[in-house]
Each structure stands twice: as structure tokens, then as C-alpha cells.
Amino acid sequence: MKIIYNCFGGSHSSVTAAAIHLQLLPDTHEATNEQLLSLPYYDAQVAFDHGRIRYMGRDEVGNEIYITSKRGLGSKYTIIMSSILELIANKDEQAVFIDTMPYVNIWMMIGGFLSRRWGFTNLGRRIVLYGTRQSYFRFIQLVYLVKQGLQ
Amino acid sequence: MKILILDQLGCYAAVAAASYLVGIIDEKPTVMEIYNLPCFAAHHDLQVGRIYYIGKDSKGDDYYSLGVGKEEQLMIRSVQDFLNIIGSQGSVRIIGVSLYNPFILSILTYFVLCYPLRNISKRASACILKMRFAELIKKLKTELKIEFTDPTRDMA
């Protein structure tokens, strides 16, 4: 199964959740700034990449984990992609789209905006790292729910 | 092959483009021909993600229209990547035509939802679309790299 975590810019919350899912980040305690910054695609996407679906890895039961960005589409993204999946009617392939936006806090929004949109990487990155650590246990909970739902 | 034509709600330029490619309308349709297309302005809300089946051309390709809201280019990238990862890249072709729905038509989509204004808004939308139809055809020809001469060539 393909599991696609999606958020506004595909840079922070989706990457964090996907990394927790893949056990690249701890799921028992908060990750450090260094661990977060060492993740592929963390605070690295640019506007031109928006919409691209990036492969992050394969989990312990063989599910392929991806991340993507959907900008302002919100829940519409899942509706559209589900329609596409129905149109293809490929019964061998199943995909789940996980929206990580409800777990994003104001610090992640401000930091992400400063870093990715305005190019104030140093300041923005510090704020977004703080925000990610603030919401870290919520991402752990989300991944737990996803894994439970897949069983 | 399935050909998916995208616009904001999937029932304006996308329907006209798909109908042209299927052969339901020709290169110079009248306003009433566009107005009478089965899926034209068929939305009853502003929900995106609905797929409308338009028809099949003489080569056996199926044509669909899909509404993707304002993020057409993002969705094209996303859908293409998604098709690649599930191994269906050759089975679906995607064309975006949101550009041919002008701003005034976007406003009319709200009036279409209001029943007393539905018909007149739909007719105005058809009229606006007719004005941009030549540009739309040009885009389709470039995109699909095809040369059409007989307007009813693909009538199934």
C-alpha cells in the first residue's frame, strides 16, 4: 500500500509524520533539532516542487511512504486523488492520503512561511523547528492512528 | 487510454474541450451547442474532485473532465507522480484547460447555483466560452500534437 502524507508545503509536518512512520525519528520521545534537520526534504521544498510526490521509504510491513504538498487545497486534495484512483480502477494498488495539516501549529506556519516563502531561512528554520517539537507528540499520535487503521 | 481534462469545476472549458475531442461539437460551435452539452455547467455545488464522463472517440480513448479548483498545475504534477508510483503512467493523459475559464466565468459559476438564474448564467457561460474556444482548440492541438480537419471525424 502507498501512504501519502500531505501538508501545505510538503516541507515540515508531512516530512515529520512520514519520518516517524518510518522510524527515522523516535516515537517515544521528542526528536532533536539535528534529527529533524537531517531528514530528507525537511525545510527543503521550493514552490516549484509543490505537488510532487516524494518517496521517503518503506515501513516495517512493506507499505511505501511518500510525502507531498497541496498548498491551499486542504481536504479537496484527498477527494481529487481518490477520484483519480477510482478512475484508474487499479485494484492491485491501494493508496491512503493522510492530511497532516490539523496537527500544524502557528509556529510551524510562521516559521515555514518565513523560511520557504520569504527566504529568511535562519530565522524561519529556528521557529519551525520549535513548532515541530511543540507538535511532535501529536504527529506520533497521528502515525499511531494511521498504523492502527491499516491493521 | 483515458484522457482527463482538468479545469476549476470540471464542467466548463474541460467539458467543451473533451466534447470537441470526442466529436460532439466542431471547431466553431454555436452558443446553444455548448449550452446543450450534457455535462456543461452541471455542478450543483462548488465541490471539486468530481469526474464527468464525456465520451469515447473513434480511437477508443475515453474522455473525462475533472474539477481541481485553483491549483491546476500542482494537481497535474501530483497526478502524474501518483500515476508513476502506481505504475499507470501510460494509461492516463492529463490536460489542464483552467486558463480558458476567464474570471467572469468563475463568477457565473456562483450564479449557476442559484436556481432562478441558472439558465441565464449557463447561457452566459457558454457565450464566454465560445469567445475563447479558438484558443482552447489551439491549446488542445498543441498538447495532443494532432491535426484536425473534419469536425465530425471522431463521431463514434
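Lettering of chains follows the sequences in order, A, B, ..., and the numbering in each one begins at 1. It should be emphasised that the depicted structure is a prediction, and the values quoted were computed from it without experimental measurement.
Counting heavy atoms from C-beta on, the side chains of A:Y77 and B:M75 come closer than 4.5 Å. At a threshold of 4.5 Å between non-hydrogen side-chain atoms, the residues A:K2 and B:I86 count as touching.
Ranking A:I4, A:D49, A:I79, A:I53 against chain B, the residue ahead of the rest is A:I53, based on heavy-atom pairs under 4.5 Å. For the set B:D62, B:V92, B:V68, the entry with the most heavy-atom pairs within less than 4.5 Å of chain A is B:V68.
In the hydrophobic clustering of ILVMFWY residues, with side-chain heavy atoms under 4.5 Å counting as a link, A:W118 and A:V46 come out apart. Note on B:L74: it does not cluster hydrophobically with A:F48, by side-chain heavy-atom contacts below 4.5 Å among ILVMFWY residues. Grouping the Ile, Leu, Val, Met, Phe, Trp and Tyr side chains by contacts below 4.5 angstrom, directly or via other members, places A:F120 with A:I106.
Looking at B:Y53, there are no atoms closer than 4.5 Å to chain A (heavy atoms on both sides), in backbone or side chain. B:Q80 does not touch chain A: none of its heavy atoms, backbone or side chain, sits under 4.5 Å away. At a 4.5 Å heavy-atom cutoff, the contact between B:L4 and chain A is made by side-chain atoms alone.
Distance check: A:I84 CD1 to B:I94 CD1 gives 6.0 Å after rounding to the nearest 0.5 Å.
Judged by distance alone, the side chain of A:S83 and the main-chain N or O of B:G49 form a donor-acceptor pair under 3.5 Å. With A:K76 contributing its side chain and B:G69 its backbone, the two residues share no donor-acceptor pair below 3.5 Å.
Using a 4.5 Å cut-off between non-hydrogen atoms, no part of residues 12-28 of chain A approaches chain B. Identified by a heavy-atom distance below 4.5 Å to chain B, the contributing residues of residues 55-74 of chain A are A:Y66, A:T68, A:S69, A:K70, A:R71, A:G72, A:L73, in residue-number order. Using a 4.5 Å cut-off between non-hydrogen atoms, no part of residues 124-133 of chain A approaches chain B.
No more than 12 heavy atoms of other residues, nucleotides or ligands shown are found within 6.0 angstrom of OH on A:Y144. For B:K70, the NZ atom counts as loosely surrounded, since its 6.0 Å shell holds 12 or fewer non-hydrogen atoms of other residues, nucleotides or ligands. The 12-atom threshold is exceeded at CG of A:L150, counting heavy atoms of other residues, nucleotides or ligands nearer than 6.0 Å.
The two atoms that bring A:L87 and B:K2 nearest to each other are O-NZ, 2.8 Å, heavy atoms only. In plain terms, the two heavy atoms of A:H50 and B:R77 that are nearest each other are O-NE, 2.7 Å.
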Name every donor-acceptor pair, under 3.5 Å, that has one atom in a side chain of residues 28-39 of chain B and the other anywhere in the protein, sequence neighbours excluded.
{"unit_1": "B:T30", "atom_1": "OG1", "unit_2": "B:E33", "atom_2": "N", "d": "3.1"}
{"unit_1": "B:E33", "atom_1": "OE1", "unit_2": "B:T30", "atom_2": "N", "d": "2.9"}
{"unit_1": "B:Y35", "atom_1": "OH", "unit_2": "B:N119", "atom_2": "OD1", "d": "3.2"}
{"unit_1": "B:N36", "atom_1": "ND2", "unit_2": "B:M32", "atom_2": "O", "d": "3.0"}

